[in-house]
Amino acid sequence: MRISDDKRREVAAKMRKTCRENPDVSLQGMVASTMNECLPEGMEYGPTLADLIDRPTTTRHGKFKTKYGRETPCCEVCGYSIGDMRWNYCPKCGAVITDD
């Protein structure tokens with residue numbers, strides 16, 4: 001599952017609220033309770049936490065698909081068409097588009 005920016009903000013807001021309500025909560029306890037409450041059951045904590053902190057990245061020169069007789073760059077993470085040069089991230093999965 002890809003984590004949307006909205007979900008990322010929801011988790012961050014919940015973490016801040018937990019810390020305000022219980023200033024003595026441990027980092028592990030705060031992260032675990034927030035992730036259990038905000039994210040779907042069965043998600044692995046490690047990779048999910050990493051995705052919350054650091055969004056995946058993609059480039060415009062990886063995968064391509066043909067559309068109307070021309071090649072269109074696609075997100076290397078989810079396959080969504082990312083040809084619009086105004087975008088700095090994939091609108092479907094949130095991967096940051098790098099120029100590498």
Side-chain angles (χ1 to χ4, degrees):
M1 175 190 159
R2 299 290 170 220
I3 299 171
S4 68
D5 283 342
D6 289 339
K7 183 58 74 172
R8 187 175 282 107
R9 288 184 196 101
E10 176 188 346
V11 170
K14 176 63 179 161
M15 287 180 174
R16 289 182 187 103
K17 181 180 177 190
T18 299
C19 289
R20 278 193 306 272
E21 291 174 353
N22 186 359
D24 297 326
V25 69
S26 70
L27 176 62
Q28 182 178 2
M30 183 261 305
V31 170
S33 67
T34 301
M35 290 177 70
N36 283 338
E37 188 174 320
C38 294
L39 300 173
E41 191 174 321
M43 292 189 84
E44 295 180 51
Y45 280 11
T48 304
L49 184 57
D51 285 346
L52 284 166
I53 294 169
D54 185 26
R55 295 195 305 196
T57 60
T58 188
T59 64
R60 282 189 171 69
H61 52 282
K63 292 182 181 178
F64 289 89
K65 56 179 153 177
T66 303
K67 185 173 184 179
Y68 307 115
R70 64 177 191 200
E71 289 189 337
T72 303
C74 298
C75 177
E76 296 163 334
V77 177
C78 70
Y80 190 81
S81 175
I82 55 172
D84 191 326
M85 298 303 284
R86 296 172 294 177
W87 293 338
N88 295 321
Y89 60 91
C90 174
K92 183 175 180 185
C93 72
V96 177
I97 301 172
T98 64
D99 291 330
D100 296 344

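Sequential numbering from 1 along the given sequence is applied to the chain's residues.
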Requested in this report: Taking the side chain as every heavy atom from C-beta outward, state whether P56 and C93 have any atom pair closer than 4.5 Å.
Outcome: no

**Report entry** Backbone of T58 reached by a side-chain donor or acceptor of T98 within 3.5 Å
**Finding:** yes

Query raised in the report: Quick check: does any side chain N or O of T34 sit under 3.5 Å from a backbone N or O of V31, one acting as donor and the other as acceptor?
Result: no

Report task. Considering non-hydrogen atoms only, spot the tightest contact between W87 and I97 and give its length. Result -> O-CD1, 3.9 Å

Query raised in the report: Within the distance-only criterion (no hydrogens, no angle test), does the side chain of D54 pair as donor or acceptor with the backbone N or O of A50 below 3.5 angstrom?
Result: no

Query raised in the report: To the nearest 0.5 Å, how far apart are CZ in R16 and CE in M30?
Result: 10.0 Å

Query raised in the report: According to a 4.5 Å side-chain heavy-atom criterion applied to Ile, Leu, Val, Met, Phe, Trp and Tyr, with indirect links allowed, do V25 and V11 form part of one hydrophobic cluster?
Result: yes

Report summary line: On a heavy-atom basis, the closest approach of T72 and S81 is CG2-OG, 2.9 Å

Query raised in the report: Where do Y80 and P91 come nearest, in terms of heavy atoms and distance?
Result: CE2-CG, 3.4 Å

Requested in this report: Taking all heavy atoms of G79 and all of C74, pick out the closest pair and write down the distance.
Outcome: O-CB, 3.6 Å

Report summary line: Between the OG1 atom in T59 and the CD1 atom in I82, the distance rounded to the nearest 0.5 Å is 7.0 Å

